[in-house]
Structures are given as structure tokens and as C-alpha cells.
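The structure under discussion appears below in the form of C-alpha cells.
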Protein chains: 2
Amino acid sequence: MGKAIYDGIYRELRERIVRGDYPPQSFLPSETELCSEYGCSRMTVRKAISMLANEGMVASIKGRGVRVIRPKTDQNQAEKAFYVNELTSFTESARAIGAKPSARLFLLDHVVCSPELSLQTGFAEGEDLTRVNLVRSLDGVAMAVDRHHFLTRIVPNIDEHVATSSLFRYCEENLGLNITVSNREVSVEPPTPEDKELLGITEPIYLAVMRSRTYDSDGEQFEYVVSKYLPNWFHFFDSATRTPLP
Amino acid sequence: MGKAIYDGIYRELRERIVRGDYPPQSFLPSETELCSEYGCSRMTVRKAISMLANEGMVASIKGRGVRVIRPKTDQNQAEKAFYVNELTSFTESARAIGAKPSARLFLLDHVVCSPELSLQTGFAEGEDLTRVNLVRSLDGVAMAVDRHHFLTRIVPNIDEHVATSSLFRYCEENLGLNITVSNREVSVEPPTPEDKELLGITEPIYLAVMRSRTYDSDGEQFEYVVSKYLPNWFHFFDSATRTPLP
DNA sequence: CAGTGGTCTAGACCACAGC
DNA sequence: CTGTGGTCTAGACCACTGC
């Protein structure tokens with residue numbers, strides 16, 4: 001992974017920005033200068049810069065240069081917030097904030113994809129799906145409910161141990177799946193009676209809901225998951241770029 | 001605006017996918033074929049494909065081709081949901097779902113950016129900021145509260161008419177600002193007493209909160225806005241790509 | 001094996017910003 | 001005017017896929 005030249009340039013520029021070598025509002029060295037510095041062609045440098053631009057770290061300004069727009073406030077590091085937008089596992093995210101993750105399996109079975117389920121999940125009708133429903137906890141406190149549908153054909157033999165300890169690693173390592181892309185929708189919804197029971201909610205409250213479709217490196221969808229978070233645990237980051245219309 | 005070759009290819013491929021000419025799970029013509037079809041170089045074709053990949057429409061698979069992964073379910077078009085993730089104006093989004101938008105201005109003043117405000121908003125200390133607070137309504141029903149901070153130096157002379165009718169257009173047309181990028185964080189929070197009063201909430205409830213920093217084409221931040229939505233009006237889409245780590 | 005996408009080079013011309 | 005980023009070409013080699 002990441003042996004490409006542009007990837008090294010991307011990482012180095014990124015670290016310099018985070019470290020403060022290139023403070024906010026300053027300009028990166030010009031593309032020509034970076035070409036000399038790294039001894040590569042302009043396209044390679046531009047690829048690295050476009051990756052930085054895609055995550056909202058810099059903005060290219062025609063005729064002037066590439067400006068750092070990352071805000072200096074790194075207040076996030078101090079906070080104990082759980083960020084759900086990284087395409088990483090629950091376990092990784094939990095450890096990043098120093099909390100002990102755990103999971104309780106409350107449903108593990110198979111269903112055949114019905115027409116309605118097909119519309120909802122995106123899987124083809126008639127496919128065999130493995131349902132894995134979990135309550136996620138941090139330091140013993142319930143914070144989310146995950147209801148997964150896996151395409152059994154691609155992710156077979158999920159047992160209780162895999163489901164509660166390492167779903168993500170199982171997909172990546174044991175099955176050799178490369179998770180490449182994920183389409184997600186976020187909304188805010190009241191809990192169902194089951195949600196309330198699972199999360200130990202008594203009062204009326206709302207949950208942050210994320211519905212995801214995950215695809216492997218073949219571009220085939222292998223997972224549909226609805227995650228419902230208690231509000232205080234949900235943080236989602238996004239960087240959008242405006243594309244001028246005709 | 002979109003006079004580039006890659007932009008035309010992007011639009012055409014996108015429309016073919018949406019129309020169903022390239023159904024989900026099928027492959028686009030190979031890059032070489034697209035080069036012949038459009039009479040351009042491979043890099044130009046690849047740029048168009050990467051734009052499609054960035055919005056989760058296709059996934060490139062090395063050695064095989066570019067696969068369409070857009071789900072066939074277009075259930076969204078039928079729904080009357082308000083999607084907040086497009087970098088467009090409230091008015092545009094409202095009209096897209098056939099609702100009549102309106103806004104009530106309840107605060108319009110100036111403040112000098114304090115150290116605390118600087119951390120929160122991302123503006124430099126001492127800058128003059130214009131505060132514009134609005135209640136947004138659809139068909140006469142309150143659905144969101146927007147609390148803007150504009151950098152007065154870049155967005156001067158905001159009056160009541162501009163604030164309630166065309167903030168977005170004012171920035172883009174009258175001031176010639178090109179909004180290029182926006183960094184946003186989504187969370188779910190309980191309303192303040194003021195929020196409750198403005199939105200007419202009596203029962204305990206939660207709001208979907210989006211905090212955005214918006215930058216112009218010079219890469220300078222000119223806006224910080226906290227938007228709080230009633231839950232049923234909030235929908236947010238995202239497409240994430242997994243970047244392999246070292 | 002041939003075809004695919006992933007990476008990279010070494011040029012080129014353009015539009016735009018600032019002097 | 002020079003320097004910048006935006007676009008584009010015409011090649012090249014590689015790793016990977018499927019046959």
C-alpha cells in the first residue's frame with residue numbers, strides 16, 4: 001500500500017501542514033518547486049495536491065498558488081468524541097479515544113432477499129443475506145445499535161465470535177476483501193421500541209442514524225448496515241467542493 | 001463553467017448511468033475505447049472517471065474495468081426530503097422539493113472576533129463579523145435555525161432584505177465570490193431554550209446540527225454558520241473511499 | 001497471452017494574478 | 001511581464017485480470 005510517489009508527497013505535505021510548517025492561509029511551494037524538490041513530474045505533484053484538496057486541507061487558486069485552509073483550531077484532539085465518518089472499524093475508532101469497546105450480539109440469522117428488502121438494502125432479490133445485529137458499548141455503556149445485512153455469498157460463515165470481535169478484520173484479512181467505497185446517508189430519527197430497549201432509553205429522545213452500503217474492490221456490494229447512535233456519541237465530518245454548473 | 005473536455009465526458013457518462021444505459025454492476029467502456037469515442041487522451045478520460053468515482057457512482061477495478069455501483073433504487077426522488085449536503089442555497093433546495101421557502105430575521109448586528117469566537121468560528125481575532133440569525137420555514141412551518149457569522153471585510157453591507165431573501169446569491173453574484181469549499185461537522189444535540197422558542201418546540205427533542213466553514217475562491221474563509229434542523233427535515237449523503245494505510 | 005486500470009514522464013498552451 | 005495553476009497530449013512501463 002502506498003508505494004506510489006504521489007502518496008509519499010501527499011503524506012509529507014500533509015504532515016507539514018499538520019505540524020504547522022505551512023500555517024493556515026499560507027501557500028504551499030509552487031507545483032514547479034515541488035517538482036524539483038521531489039524530482040518528479042508535475043502530474044505527480046498535482047495528484048498529491050488534489051488529494052489534500054479533497055479532504056479540505058488546501059484550496060488551489062489559479063494564478064496564485066495552493067493555499068492551506070485547514071483551521072488552526074485542533075480542539076478536536078482534546079475532546080472525547082466518537083467520529084463515525086472514517087472508513088475504519090468500531091474497535092479502531094474506540095481505541096482512538098481511549099475507550100474500551102465491546103459488542104453484544106442479539107441476532108444472527110439468514111434471510112432471503114425479498115423485493116422490499118432489495119429496495120432497502122440494494123441487494124438483488126433472492127440473494128442469501130446474513131443478518132448480524134449488535135449493541136455497541138464504550139466502557140460498558142451502550143452507545144449504538146448496528147443492524148448488518150451481509151451478502152452471504154461474499155461474506156460466509158459469520159459466527160458469534162467473528163460477529164462480536166472483529167467483523168471488519170474478518171472481511172479484510174480472512175476473506176481478502178478490500179473495502180473500497182461506501183455510500184452513506186445520515187438522518188435523525190426517533191427510536192423504535194426495540195431500539196429503546198437495547199440502548200436502555202426511557203425518555204423520548206432521537207437517534208443519529210447512518211445507513212451505509214459498502215462495496216468491495218470488485219465493485220460488488222457486500223454489506224448494508226443501519227447504525228443508530230445515541231446523540232452525544234455521533235460526530236460526522238465532511239468536506240464539500242462546489243462544482244460550477246453550466 | 002464546465003467548458004473542459006473532461007467535464008463534458010463526465011456529464012455524458014453520468015447521464016448514461018442515470019438513464020440506465022450503463023446499469024448497476026455493468027462496466028463502462030474501457031478507458032481506451034472512451035479515448036477513441038471522444039478523440040482525447042487517456043488522462044482526460046481518467047479525470048472524468050475519477051469525478052464519477054468521487055461521488056460513488058463507479059468503482060475502478062484494476063485489470064477489469066470501471067464498474068457502475070450506483071444502486072438502482074431511485075426511491076429518493078419520490079420522497080419529499082430536504083437534503084442539506086448540496087452546496088446550494090436554501091431556496092434552491094426548498095424549490096427542488098416543491099415547497100415554498102421563507103426566512104425570518106431575528107438578529108442582524110456586528111461583533112468583533114474575540115479569542116473564544118476565533119476558536120469557534122475559525123476567523124482571526126479582531127476581525128469584524130456580521131451576525132445574521134434566521135429562522136427558515138417551508139410552507140410556513142419553521143424547520144431550521146441558521147446562525148451565520150460573515151467576515152464583514154469580504155461580505156459587507158448585509159441588510160434585512162439581503163439576509164432574508166438571497167444571502168447565497170448576494171455572495172455569488174453581487175460580490176463575485178466563488179464558493180469553492182466547505183468544511184462541515186454534523187452532530188445531534190438538544191436545543192437551547194432560544195432554539196425551542198424559535199422553532200416552536202415544546203416537548204424535549206433533539207436537533208440535527210451542522211457547523212460549516214465556507215471558503216471563497218481565494219481560499220479565505222468568509223462564513224461560519226451553525227444550522228440546527230428539526231430532525232425530520234435533515235438528510236445528509238456521503239460517499240467515502242478507503243485509502244489503504246502504510 | 002491480450003486487455004485493463006494505475007502510475008509516471010516531458011513536454012505544451014491557456015487563463016489568470018500580481019507587479 | 002513573469003509565475004501560477006488548469007487543461008491536455010502522446011507516449012511509456014507496471015500489476016493485475018481473465019482466458
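Residue numbers start from 1 in every chain, and the chains themselves are labelled A, B, ... in the order their sequence lines are given, proteins ahead of strands. Reckoned from all heavy atoms, side chains included, excluding hydrogens, waters and symmetry mates.
Geometrically, A:R136 engages A:F90 in a cation-pi contact, judged by NZ or CZ lying under 6.0 Å from the ring centre and within 45° of the ring axis.
Under 4.0 Å is where a charged nitrogen must lie from a carboxylate oxygen, and between A:R213 and A:E223 no such pair does. The pair B:R11-B:E15 does not count as a salt bridge, with every side-chain nitrogen at least 4.0 angstrom from each carboxylate oxygen. Of the charged side-chain nitrogens involved, at least one lies within less than 4.0 Å of a carboxylate oxygen, so that A:E220 and A:R153 count as a salt-bridged pair.
Residues meeting the side-chain contact (heavy atoms from CB on, under 4.5 Å) test with A:R46, sequence neighbours left out: A:E31, A:R42.
Picking from C:dG6, D:dC8, C:dC8 the nucleotide with the shortest atom distance to the side chain of B:R46 gives C:dG6. With distances taken from any side-chain atom of A:S41 to the nucleotides C:dT9, D:dC8, C:dT4, the minimum falls on C:dT9. Which of D:dC8, D:dG5, C:dC8 sits closest to the side chain of A:S60 comes down to D:dG5.
Applying the 4.0 Å criterion to OP1 and OP2 of D:dT4, one finds that A:S30 has a side-chain N or O inside that range. Within the structure, a side-chain polar atom (N or O) of A:Y6 is placed less than 4.0 Å from OP1 or OP2 of C:dT7.
Remark: P of D:dT7 and OH of B:Y10 are 14 Å apart, rounded to the nearest angstrom. A straight line from CD1 of A:I9 to C1' of C:dC8 spans 11 Å, rounded to a whole angstrom. Per the geometry, CD belonging to B:E33 stands 14 Å off C1' belonging to C:dA2, to the nearest Å. Between B:D218 atom CG and D:dG5 atom P there is a gap of 14 Å when expressed in whole angstrom units. Per the geometry, CZ belonging to B:F27 stands 12 Å off P belonging to C:dT4, to the nearest Å. Rounded to whole Å, atom P of C:dG6 lies 15 Å from atom CE of B:M43. Between A:Y38 atom OH and C:dT7 atom C1' there is a gap of 18 Å when expressed in whole angstrom units. Following rounding to the nearest Å, B:D7 (CG) and D:dT7 (C1') show an atom-to-atom distance of 12 Å.
Judged purely by atom type and a 3.5 angstrom limit, B:E33 uses its side chain to pair as donor or acceptor with the backbone of B:S30.
Inter-residue side-chain proximity for B:L129 and B:L151 is flagged as met; some heavy-atom pair is nearer than 4.5 Å.
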Could you pull out the protein-nucleic contacts involving nucleotides 11-18 of chain D (nitrogen or oxygen on both sides, under 3.5 Å)?
{"residue": "D:dA12", "atom": "N6", "partner": "B:R42", "partner atom": "NH1", "Å": "3.3"}
{"residue": "D:dG18", "atom": "OP1", "partner": "B:R64", "partner atom": "NE", "Å": "3.2"}

